[in-house]
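In what follows, a structure is listed as structure tokens, so that the remarks can point back to it.
None of these values were measured; they are calculated from a predicted model.
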Amino acid sequence: MPPVFRGGVGPRRCFARDPAKRTAMPAEAPGRDRLSALPDDLLQHVLGFLDTRLAVGPLSLLSRRWRHLWASMPRLNLDASVPERFGSVLFLLRDDAKLHTFTLRCSRTNNQAFVYQHWWLRHAVSKGIRVLHIAADGAYRFDLPDCVFNCATLEEIVLSLTIPEEIAPKSVCLPRLKKLRLVNVRLPDSSVVESLKSGLEELDLHRCSLYQFRISSHTVKTLSVTACAYEEIHVSAPNVASLRLTVAGRVKLDGMPSLLTAWVNISGHGANHLAPNEHDFLGALCSTQHLELFNFDSLLQNPATEDPKFGKLKSLYLGELVVADFYRPFAYFLNHAPNLASLTLDTSKVFEENVWNRKVSCQVSTLKEPYDKMNLAPESTGLEMLRLRISKGRDAAEYSKMRKLLKEKTKPKEMEVIWF
């Protein structure tokens, strides 16, 4: 019986499939340290995805080459369990090593300040950091140091807080910043974002308090304002290609001719806030090719005689609470989106998207006009895919009517029904 070798230790031969070209490869030396053959930059890249304590401790014992690589790793990850002494000594021993990415996850359950975490941040900023991720939880404020907002090398900032905290730095100088994501932050005015408009490309605000907020930028391409509380928001960003927006207050959108994908959730009383300029709001979305709308029926209470055309729209996703709420939205888009190829109607996801503010009502909608008397578009054979995600225990009779109507009006090439 031939010997069996496991784990890559021992003689091994590799042969080509063609017998004429078979050439024995040299056997590997027994016990060879293959990790030592990897270049430093590759090893540092791998170690950068791990918790830094793991890279400094146990993993440095795997290979002689790994013992001191941690001192020059371009990425550091420190979590809440890292003691003050370890983190401080780590930064001191790195000497003048460049730092590309710093991820800090910290927690505080007593009233002691985040003193040493602030020192780590100042040290990271002094090393020419490009990417900064901070996640702070606990019962006390984090108080982000002002030096973070005056770092000339930062290209990406992600700040996620458990306790809402106001950010109002004395000055902002982030000339290279491309991406900004803020979670659970209070912004008393637009000064922080307005000062970044020269180069910012991606702006993501989630569960933030914005009050009266304005976003004016010719460089932003990806914009997300979701689950935020605000009185009024005005967006002037003509080059936005991807938009995610929760309508919870007064909203004004200027034209977005570059828009490709849009996700809009009209939450709570958002439709009432849009009532004065709802058609201007729709007009700002009319260039999109892929559109997801939640609670859109609430915006169509008083349709105008001339609404904007969605001539580029190819796929449409509609999320409503009950089946009866779909009639006006799909009738609207059958009339205004002549190139629509994919239509999805869903009564489940809307609950997930609105759970943050607990304003979802399970009451059956008060329709409305009987479906057979609605002003629907002429028959169209352009729809390629029709998807329905409907609850088994609700609106069964209404679903049968709607399904029949959709098949008659759209004649889809393919139809998919998902029950939940």
Side-chain angles (χ1 to χ4, degrees), residues 46-60 70-71 73-94 97 99-127 129-151 154-170 172 174 177 179-188 192 203-210 224 226-229 355-358:
V46 173
L47 292 175
F49 291 98
L50 303 175
D51 182 271
T52 301
R53 283 201 301 176
L54 185 61
V56 174
L59 287 180
S60 64
W70 59 267
M73 287 193 309
R75 300 166 60 104
L76 292 182
N77 297 295
L78 301 180
D79 61 22
S81 64
V82 174
E84 175 184 0
R85 180 179 176 83
F86 176 89
S88 300
V89 172
L90 173 70
F91 277 105
L92 290 175
L93 293 179
R94 285 176 55 86
L99 184 59
H100 181 277
T101 302
F102 181 41
T103 300
L104 176 63
R105 293 178 293 275
C106 50
S107 176
R108 179 64 65 191
T109 56
N110 54 47
N111 58 1
Q112 184 179 0
F114 294 87
V115 177
Y116 59 90
Q117 288 95 339
H118 289 173
W119 186 88
W120 296 347
L121 281 173
R122 294 187 183 95
H123 195 87
V125 168
S126 69
K127 295 299 180 181
I129 190 175
R130 296 185 182 182
V131 178
L132 176 62
H133 292 182
I134 300 175
D137 57 23
Y140 296 91
R141 292 167 51 90
F142 182 73
D143 291 326
L144 192 66
D146 282 351
C147 65
V148 173
F149 294 96
N150 292 273
C151 179
L154 266 176
E155 298 175 2
E156 176 180 330
I157 297 178
V158 176
L159 174 62
S160 178
L161 303 177
T162 300
I163 302 300
E165 187 172 320
E166 183 175 300
I167 290 183
K170 297 178 181 178
V172 178
L174 297 166
L177 193 68
K179 177 181 178 180
L180 176 63
R181 172 173 168 79
L182 302 177
V183 179
N184 212 14
V185 169
R186 292 198 301 266
L187 296 173
V192 173
L203 176 62
D204 186 349
L205 305 175
H206 182 63
R207 292 170 53 200
C208 294
S209 298
L210 305 179
S224 178
T226 56
C228 294
V355 69
W356 67 274
N357 61 6
R358 301 185 181 183

Between [atom1] on residue [X] and [atom2] on residue [Y], distance to nearest 0.5 Å:
X	Y	atom1	atom2	answer
Gln117	Leu78	CD	CG	9.5 Å
Asp146	Arg122	CG	CZ	9.5 Å
Cys147	Leu154	SG	CG	9.5 Å
His118	Cys106	NE2	SG	7.5 Å
Leu144	Ile134	CG	CD1	5.0 Å
Leu177	Cys151	CG	SG	9.5 Å

Taking side chain as C-beta onward, heavy atoms only, is [X] less than 4.5 Å from [Y]?
X	Y	result
Leu132	Val125	no
Leu182	Asp204	no
Leu187	Ile167	yes
Val131	Ile129	no
Val185	Leu159	yes
Leu174	Ile157	yes
Asn77	Phe102	no

- Assess whether side-chain contact (heavy atoms from CB on, under 4.5 Å) is satisfied between Leu76 and Thr103, documenting all intermediate values. CA-CA 6 Å; Leu76 292 182; Thr103 300; over 6 Å; no

- Message: Testing the basics here: between Leu205 and Cys228, what is the closest heavy-atom pair and its distance to 0.1 Å?
- Response: O-SG, 3.4 Å

- Item | Residue from His133, Arg130, Arg181 passing side chain to side chain donor-acceptor pair (under 3.5 Å) with Glu156 | His133

- Can the ring centres of Tyr116 and Phe86 be said to be less than 6.0 Å apart? no

- Task: Would you check if the side chain of Glu165 reaches a backbone N or O of Phe142 as a donor-acceptor pair within less than 3.5 Å?
- Result: yes

- Report yes or no: does Asn184 contribute a side-chain atom to a donor-acceptor pair with the main-chain N or O of Leu161 at less than 3.5 Å? yes

- Message: List the residues meeting side-chain hydrogen bond (donor to acceptor under 3.5 Å, both in side chains) with His206, not counting sequence neighbours, and say none if there are none.
- Response: Thr226

